[in-house]
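Residue numbers run from 1 in the order of the sequence given. None of these values were measured; they are calculated from a predicted model. Counting convention: from 1, in listed order, for ligands and their atoms alike.
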Amino acid sequence: MIYRHVAVIDGEMVHFEILDTAGQEEDSLQIEEKIKWGDGFAVVYSVTDRCSFDEVMRLCFLINHLHTSPKRSGAAEQPPVVIVGNKKDLQFDRMVSTEDGENLSKALKIPFYEISTRDSYEEPVAVFSSLYQELLRQGHFSPGSFKRRTVSKLMEKIPKMQASSTLNSTGRSLSFNSFRDYIPE
Ligand SMILES: Nc1nc2c(ncn2[C@@H]2O[C@H](COP(=O)(O)OP(=O)(O)OP(=O)(O)O)[C@@H](O)[C@H]2O)c(=O)[nH]1
């Protein structure tokens, strides 16, 4: 599922195209195509699902592998990624502690958020704002550049992705594992 969302960040109108993924039904080729499509990544797990947390490290490594670009100085610039633990409101069903998330964040040097999409609108917004800020910092695009685009990244790349993916029984060809949301430019 792909969502379009417009937000005002620091006075600038920002158009997000967010690929929401799901399930564990996709093969690695499909996942790689989708990772290549994205510019920023929120790797989301549920604090009530240990298996989703266990997938986070693998996905972060895969993103880095497919997106890391050498800077002029020679050092590698990592793509904007955040780790997000969702459903923090479900305290009694928790299987992943906040400390587990923080430790992984420190080990991978990737920002970490714990949120509840049920209880808060602001927390998910903060996740996407931070990814956008990091994209800006890395010079992926200047503020306002989206307005000048005539064809969005979504329109450029999705037909190719759809052609190379097989619709599953629920018709969700654009979904993958606990890795969910993207912010293309
Ligand atoms: N309590 C609580 N429930 C949530 C939260 N976020 C999502 N849910 C619920 O969790 C269920 C799954 O939500 P989805 O957004 O479909 O999650 P998903 O991982 O994309 O699901 P699949 O696509 O089926 O893999 C729904 O019933 C949501 O209402 C949250 O922060 N707190």
Is a side-chain donor or acceptor of Ser129 paired with a backbone partner of Val125 at a separation under 3.5 angstrom?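 A pair under 3.5 Å: yes.
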
State yes or no: are the ring centers of Phe128 and His5 separated by less than 6.0 Å?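 No - the distance between ring centres of Phe128 and His5 does not fall below the 6.0 Å cut-off.
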
Rounded to the nearest 0.5 Å, how far apart are NZ of Lys34 and CG of Leu29?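 Interatomic distance, Lys34 NZ to Leu29 CG, rounded to 0.5 Å: 11.0 Å.
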
Is there any salt bridge (charged side-chain N to carboxylate O under 4.0 Å, His left out) pair reaching into residues 104-117, and which pairs are they, with sequence neighbours excluded? Arg94-Glu114

Under 3.5 Å, N or O to N or O, is Lys87 touching ligand 1 that way?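 For ligand 1, there is an N or O atom that lies under 3.5 Å from one belonging to Lys87.
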
With nothing but distance in play, are any N or O atoms of Asp20 less than 3.5 Å from an N or O of ligand 1?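 No; every N/O pair is 3.5 Å or more apart.
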
Show me which atoms of ligand 1 lie under 4.0 Å from any heavy atom of Leu90. 1 (N)

For atom 31 (O) of ligand 1, which of the options Asp119, Val44, Thr117, Ile115 provides the nearest non-hydrogen atom? Thr117

